[in-house]
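Can you keep this structure in mind? I'll have questions shortly.
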Amino acid sequence: MAVPQRHRLPDATAPSTERRVSSNHAHLVTPAAQAEWDPSSLRGFRFLYLVDAVTLFGLMVAITVVRFGLDWPTYPWTHYVIGFAVATALHMAVYYFGGLYEYEQRLGHRPWLPRAMLLTFMAVGGDATVTLLTGRYLMPRANLVVLAVAASMLISFNRWAARRGRLLRTGRPRMLLVGTPSDISSAQEHLADAEPDAVVAGCLIDPASILDEADRVGATELLLLSGQPLDAIYPEPLGELEFRRISVFRRITPADTLLGLQRSRQIGGMPFVALRAHALPICRLRFKRLLDLAYLLLLAPFALPLAAAVAAYVRIVGGRDVLYRQERVGRGGVPFVLLKFRTMTRDAERNGPVLAVSNDPRVIRGMGWLRSTRLDELPQLWNVLRGTMSLVGPRPERPQFVARLEHEIAGYGRRHDVPPGITGLAQTQGHYQTDPGYKLGHDLQYVVNWSPVLDWEIMAKSLVVMARRTAR
C-alpha cells in the first residue's frame, strides 16, 4: 500500500533523552518519565476538571431546587452552599484518584459509565461518612440517592462530549499497522467496517523502523498485529512513543490467552491490549504518596523513640558516624541519597561497591541483628517524608549495580516506575542472596499489581519477618 507523506511530526516532539549525572555514574532517564512529571502534559484535562466540578455543584443545587423549590428548609442557603462545595471537592478527589482524568487512548476505549458509577457511589459513601463523623449534613439525605445515579450519567456524558470534542479538534486517529502482509490485509478489512472514525495512515512489516515510519506518516496509534515479541518494542521505542502520545496496542493471539489477560479492548472487532512504558498512572502514584504521609503520621509516636534507641546503640557499639549515606537510584532513574544506620566497618567498600551477602564479614560485631531485623533501615523514614522513597516498593540499588543489571536483565528499568521502598515484595519473599533476576520478578509483580491492600499485606509480612528474626 502506498503511504502518503503528510502530517510529519515536528522535531520538537522528539526531544533528546536526558541524563542525570552523579559523581561517578551517568544514569538514563527515559522521555516517558520526563513527560509523566511535566505539568504541561495535563493541560488537556484542566477544562474537564472545571466542567465536572461545575456539573456536580449544579446538580446538587438542581436536585435541591426540584425537591424544595427556592425556599430550602431547616438551614440558611449558605449552609447548603458550603456543604455542596465540600461534597464537590470530595467527589473530584475520588474521580481523580480513580483515574478519570488520566490520558485515554482513543481506540477501543472502555465504556465510561461503569467506572463513573463505581467511583460516584464511593464518593457518595464518603459524603455519608463525613456526616457520620461530623454530624453535619452536606445535603439532604434523600438527595444522595438521586445524586449517585444522576452524577454517574452526567460525568459519563462529559467524557463522551470531551471525546467528540477531541475528535473535532485533532482529527481522526491515524493508525500505523505493523505485522505480516496477511495480518495487515485482514486488519484493514476489519478496521474499514468497524472503525469509521479512524484512518489507516501506513503499514509496516519491519518493526525496527517503527519510529521513523510513525514520524513520516503522522501516526497517532500503533497497532502490532502479528504477536511480535515485546523485546522488539520494550523498553524502547515504547517509551519514546508514549512520550509522543502515540498509543500502542498489541493484538492478542491465541497463545496470549494462556497468560490469563483480563484487560483487553476491541478495535475493529479484534482483541488488543494497550501497552504502556509505565505501569502506574500519575494519579495512583500521588494516591500512594498521600497514603505514605498518612502512615508516617500514624507511625511517628512509635518510630521516633525506637529510632532514637537504635541510634544510641549504634553510637555505643559502632562508634561515631551513626548514619550511613549512600547514593541509590530512585523513581524514574533519578539518584538520591539513602540513609541507614551504619552497621559495617568504615572501610567496608575500600575496594569499590560490593553487594551485601548473608553473614557478611564486613558487618560490625553486635550489629548483625539490626540488619536481620531491618532496624538499620529506620532512618529511611526521612527519605519517605521527603518523597524520595515509599514505605513499600522495590528496594533501591546503587547506580553502578543498576547500570550493570539493566544491561544484563531485560526490563530491569521498569522497577523504577514507582518510588523505591523500605520494604517490598522481594524482601518478604526472598533474602539478601536472592538472585537479582528473581527479585526483579517480585518487583515487577508489585509494580503491575499495586494497590493499598497489597501494601498492607507486605507491611504485615515485614513485621512478621522482623519478629521472627528478633526471636532467633
Heavy-atom pair with the smallest gap, counting every atom of M270 and R251:
SD-CD, 4.5 Å
Correct closest heavy-atom pair for C203 and I184 would be SG-CG2, 3.6 Å
Donor-acceptor contact present, side-chain T120 to main-chain M117, <3.5 Å:
no
Got W450 and D455 here, is their nearest side-chain heavy-atom distance under 4.5 Å?
yes
Taking the side chain as every heavy atom from C-beta outward, state whether V248 and E242 have any atom pair closer than 4.5 Å.
no
Going through the checks in order, is the side-chain contact (heavy atoms from CB on, under 4.5 Å) test met by E102 and I282?
CA-CA 8 Å; E102 286 300 312; I282 191 68; 3.3 Å; yes
So does V402 get a backbone contact from the side chain of E397, meaning a donor-acceptor N/O pair under 3.5 Å?
no
If you apply the rule side-chain contact (heavy atoms from CB on, under 4.5 Å), what do you find for R172 with T220, and how did you get there?
CA-CA 9 Å; R172 294 191 294 171; T220 60; over 6 Å; no
Just how far is it from atom CG of L375 to atom CE of M367, taken to the nearest 0.5 Å?
12.0 Å
Do L107 and L223 have side chains that get closer than 4.5 Å, going by heavy atoms?
yes
Backbone N or O of L425 within a donor-acceptor pair of the T428 side chain at under 3.5 Å?
yes
Nearest-0.5 Å distance, CG of residue D417 to CG of residue D443:
11.5 Å
Please check: side-chain N/O of H190 versus main-chain N/O of S186, any donor-acceptor pairing under 3.5 Å?
yes
Identify the heavy atoms of Y446 and G393 that sit nearest to each other, and give their distance.
CE2-CA, 3.7 Å
Main-chain N/O of T343 paired with R371 side-chain donor or acceptor, under 3.5 Å
no
To the nearest 0.5 Å, tell me how far I246 CD1 sits from E240 CD.
8.5 Å
Are any of the side-chain heavy atoms of V178 and E213 separated by less than 4.5 Å?
no
Quick one: ring-ring contact (aromatic ring centres under 6.0 Å, His included) partners of Y412, sequence neighbours excluded?
none
Could you please spell out the steps behind the side-chain contact (heavy atoms from CB on, under 4.5 Å) verdict for R174 and E221?
CA-CA 6 Å; R174 296 178 56 81; E221 269 75 24; 5.9 Å; no
Side chains of S247 and R106: closer than 4.5 Å at any heavy-atom pair?
no
Verify, without hydrogens or angle tests, whether D376 (side chain) and R342 (backbone) share a donor-acceptor contact under 3.5 angstrom.
no
Interatomic distance, CD@Q326 vs CG@L338, rounded to 0.5 Å, equals 7.0 Å
Taking P394's backbone N and O only, do any of them form a donor-acceptor pair with R415's side chain (distance below 3.5 Å, no angle check)?
no
Could you check whether atom CZ of R166 has more than 12 heavy atoms from other residues, nucleotides or ligands sitting under 6.0 Å from it?
yes
Pick one: which of D321, I364, V322 meets side chain to side chain contact (heavy atoms under 4.5 Å, CB included) with V314?
V322
Check the surroundings of atom CE in M122: do more than 12 heavy atoms from other residues, nucleotides or ligands lie under 6.0 Å from it?
no
Given side chains that start at C-beta, do those of K439 and R395 come closer than 4.5 Å, heavy atoms only?
no
Flag the pair T423 / K461 as yes when at least one side-chain heavy-atom distance between them is below 4.5 Å, and no otherwise.
no
Taking the inter-plane angle between the rings of Y101 and Y49 on a 0 to 90° scale, is it parallel (under 30°), tilted (30 to 60°) or perpendicular (over 60°)?
perpendicular
Testing the basics here: between F336 and P420, what is the closest heavy-atom pair and its distance to 0.1 Å?
CE2-CG, 3.9 Å
Are a donor atom and an acceptor atom from the side chains of D212 and S209 found within less than 3.5 Å of each other?
no
Closest heavy-atom contact between A307 and F341?
O-CZ, 3.5 Å
Nearest 0.5 Å please: distance from the CD atom of E457 over to the OG atom of S462.
10.5 Å
Within this structure, what is the CZ-CG distance for the pair F97 and L285, rounded to the nearest 0.5 Å?
11.0 Å
L381 vs L391, side-chain contact (heavy atoms from CB on, under 4.5 Å): CA-CA, chis, key distance, verdict:
CA-CA 8 Å; L381 293 175; L391 286 174; 3.7 Å; yes
Taking every heavy atom of D183 against every heavy atom of S226, the minimum-distance pair comes out as OD2-OG, 2.6 Å
Could you tell me if the side chain of H91 sits less than 4.5 Å from the side chain of I155, heavy atoms only?
no
